[in-house]
Amino acid sequence: MKNILIIENDLDLLGKYSDVLKNSGYEVTAAFNSEIGINLALSKLPSLILCNTVLSNIDGFGVLSILSKNPSTTKIPFVFLNALSTPDMVKKGIACGADDFVTKPFQGDQLVRSVEGRINKNKNQTSLPISEANNNHPHNGTGWEKLFDLISQCKIRNIKKKQTLYYESDHSQWLYLLIEGCIKTLKLTDDGRQMITGLYKPNSFIGLDTLLLDDPWLESAEATQDSSLYLISKSAIIGLLNEHVGLNQHFIKILSANLREKKDQLVELAYESVRKRLTQVLIRLNKNAVPIDQIDICRDELAGLAGIATETVSRILTDFRERGLIERNGSQIHIMDLGGLIKMKS
């Protein structure tokens with residue numbers, strides 16, 4: 001049974017959170033202040049930690065900082081509980097190493113879904129965060145040490161929002177590792193419309209599909225936010241893959257996941273209605289959203305991912321809002337009823 005540590009100084013809320021998680025099959029350890037929470041984290045080594053940002057003596061950010069520096073707790077998923085998660089607060093938390101923010105009061109089963117999602121993501125992690133290049137990395141060994149060493153010596157490129165990383169038909173000697181921001185890959189139709197083929201978040205490799213091919217890029221890549229990337233020599237990566245079987249397997253897993261996602265996207269474009277296609281895009285984006293159930297994406301990008309007109313996106317989103325499935329504020333989409341969206345997809 002998975003053990004969840006909750007650090008919350010409001011005893012009523014602490015009891016409510018505990019009951020919700022216990023009813024979902026989790027074992028719960030409760031701490032009503034930061035000092036007790038830190039000690040319990042070190043002694044219990046829970047599967048996940050839920051922590052209020054506002055605590056006496058040491059706040060939630062301080063708790064995360066302390067636990068992230070300890071080898072025994074640094075890999076434990078850490079989720080913030082907060083009454084108001086502003087973009088600046090979320091950015092600060094993610095920079096400190098938090099895995100998610102859950103805003104109080106919770107919508108439906110939001111708390112349970114966040115816990116399940118972060119535990120599963122930690123269990124099946126396929127990305128390769130450079131910040132984890134230490135002796136406690138689960139993929140330690142000569143091959144991984146050489147890969148981390150290679151990446152740490154690579155140049156970093158910073159690009160602004162809407163700036164192009166590379167163009168279709170260009171040749172490049174680089175494999176990219178996204179550190180911060182968001183990159184979309186796209187193809188243009190004959191009439192100038194964008195079809196978005198991929199949306200990459202931090203700790204994602206970009207360009208794996210052409211790594212072993214002496215071919216030009218099959219699509220263009222553009223930043224949807226200010227972004228930073230490592231530029232890794234393709235020839236250096238290939239040399240490591242030829243030398244170390246474990247690295248080969250890791251990169252094959254990433255490629256397999258990317259291919260599966262693109263296959264699903266093609267099936268949706270070929271057979272699903274525009275409403276179901278947009279619904280599936282929202283569900284897919286929500287899977288890795290931080291904070292949970294809050295997606296930051298413009299209408300044009302949604303249209304490109306779903307392969308439909310921007311006007312159609314606006315009409316469907318308005319319908320979803322009227323049904324109580326989502327709330328919109330500019331490019332921010334807050335999922336209010338994920339279960340309802342899943343039913344529509346089916």
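Counting from 1, the numbers follow the sequence of the chain as shown.
Between atom SG of residue Cys154 and atom CG of residue Leu231 there is a gap of 7.5 Å, rounded to the nearest 0.5 Å. With rounding to the nearest 0.5 angstrom, the CD1 atom of Ile237 is 5.0 Å from the CG atom of Leu147. Between atom CZ of residue Arg157 and atom CG of residue Leu165 there is a gap of 5.0 Å, rounded to the nearest 0.5 Å. Here Gln110 contributes atom CD and Asp293 contributes atom CG; the two are 4.5 Å apart, rounded to the nearest 0.5 Å. Rounded to the nearest 0.5 Å, atoms CD1 (Ile6) and CG (Leu13) are 10.5 Å apart. Of the inter-residue distances, the one linking Ile183 atom CD1 with Ile206 atom CD1 reads 5.0 Å to the nearest 0.5 angstrom.
Side chains of Met344 and Lys276 form no contact here, defined as non-hydrogen atoms less than 4.5 Å apart. Between Leu282 and Leu317 the shortest side-chain heavy-atom distance falls below 4.5 Å. Using a 4.5 Å heavy-atom threshold, the side chains of Asn70 and Leu42 count as touching. Val79 places none of its side-chain heavy atoms less than 4.5 Å from the side chain of Ile49.
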Practice task
Give the intermediate values and the outcome of side-chain hydrogen bond (donor to acceptor under 3.5 Å, both in side chains) for residues Thr210 and Asp215.
Solution key: CA-CA 7 Å; Thr210 61; Asp215 291 339; over 6 Å; no
Exercise for the section: Decide side-chain hydrogen bond (donor to acceptor under 3.5 Å, both in side chains) for Thr29 and Asn3; before the verdict, give the C-alpha distance in whole Å, the side-chain angles of both, and the deciding distance to 0.1 Å. Expected result: CA-CA 7 Å; Thr29 302; Asn3 180 274; 3.1 Å; yes
Practice task
Just do the side-chain contact (heavy atoms from CB on, under 4.5 Å) check on Phe101 and Met89 with the steps written out, would you?
Solution key: CA-CA 9 Å; Phe101 267 80; Met89 182 174 289; 3.9 Å; yes
Handout entry: Candidate pair Ser68 and Thr73, rule side-chain contact (heavy atoms from CB on, under 4.5 Å), full reasoning
Key = CA-CA 6 Å; Ser68 64; Thr73 54; over 6 Å; no
Problem - side-chain hydrogen bond (donor to acceptor under 3.5 Å, both in side chains) assessment of Glu222 paired with Thr164 - result: CA-CA 4 Å; Glu222 179 184 302; Thr164 299; 4.5 Å; no
Exercise for the section: Any chance you could lay out the side-chain contact (heavy atoms from CB on, under 4.5 Å) test for Thr185 and Ser220, step after step, and finish with the verdict? Expected result: CA-CA 6 Å; Thr185 52; Ser220 300; over 6 Å; no
Practice task
For Asp100 and Ser114, run side-chain hydrogen bond (donor to acceptor under 3.5 Å, both in side chains): C-alpha distance rounded to whole Å, both residues' side-chain angles, the deciding distance at 0.1 Å, then the answer.
Solution key: CA-CA 8 Å; Asp100 200 359; Ser114 180; 2.9 Å; yes
Handout entry: side-chain contact (heavy atoms from CB on, under 4.5 Å) between Leu111 and Leu50, intermediate numbers included
Key = CA-CA 10 Å; Leu111 178 62; Leu50 293 169; 3.9 Å; yes
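Between Lys287 and Glu116, no side-chain nitrogen of the basic residue sits less than 4.0 Å from a carboxylate oxygen of the acidic one, so the salt-bridge criterion is not met. Between Lys161 and Asp226 there is no salt bridge, since none of the side-chain N atoms of the basic residue sits less than 4.0 Å from a carboxylate O of the acidic one. Taking the charged nitrogens against the carboxylate oxygens, Arg299 and Glu311 have no contact shorter than 4.0 Å, which rules out a salt bridge. With respect to Asp319 and Arg323, a salt bridge is recorded, a charged nitrogen being found less than 4.0 Å from a carboxylate O.
Residues Asp337 and Gly324 share a closest heavy-atom pair of CB-O, 3.9 Å. Contact between Ala98 and Leu64 at its shortest, heavy atoms only, is N-CD2, 3.5 Å. In terms of heavy-atom proximity, Gly181 sits nearest to Pro202 at O-CD, 3.3 Å. In plain terms, the two heavy atoms of Cys182 and Lys201 that are nearest each other are SG-NZ, 3.9 Å. When all heavy atoms of Ser228 and Asn158 are compared, the closest pair comes out as OG-OD1, 2.6 Å.
Ring geometry, Phe78 versus Phe80: the interplanar angle exceeds 60°, so the pair is classed perpendicular (tilted spans 30 to 60°).
Side-chain N or O atoms of Asp109 include none that pairs as donor or acceptor with a backbone N or O of Val112 at under 3.5 Å. Proximity of a side-chain donor or acceptor of Ser331 to a complementary backbone N or O of Asp296 within less than 3.5 Å is not detected. Counting only distance, with no hydrogens or angles, the side chain of Arg321 and the backbone of Glu327 share no donor-acceptor pair below 3.5 Å. When atom types are taken as modelled, the side chain of Ser65 and the backbone of Phe61 share no donor-acceptor pair closer than 3.5 angstrom. Side chain of Asp170 to backbone of Tyr167: a donor-acceptor contact under 3.5 angstrom is found.
Around NZ of Lys234, the count of heavy atoms belonging to other residues, nucleotides or ligands within 6.0 Å exceeds 12. Residue Glu27 places its CD atom among more than 12 non-hydrogen atoms of other residues, nucleotides or ligands, all under 6.0 Å distant.
Judged by distance alone, the side chains of Thr53 and Asp59 never bring a donor and an acceptor atom under 3.5 Å apart. With 3.5 Å as the limit, one finds no donor-acceptor pair spanning the side chains of Glu35 and Asn39.
Looking at Ile232, Leu229, Leu211 one by one, the single match for side-chain contact (heavy atoms from CB on, under 4.5 Å) with Phe205 turns out to be Ile232.
A cation-pi arrangement is absent between Lys184 and Tyr200, since the terminal nitrogen or guanidinium carbon is not both under 6.0 Å from the aromatic centre and inside a 45° cone about the axis.
Here the two rings, on Trp144 and His250, have centers that are under 6.0 Å apart.
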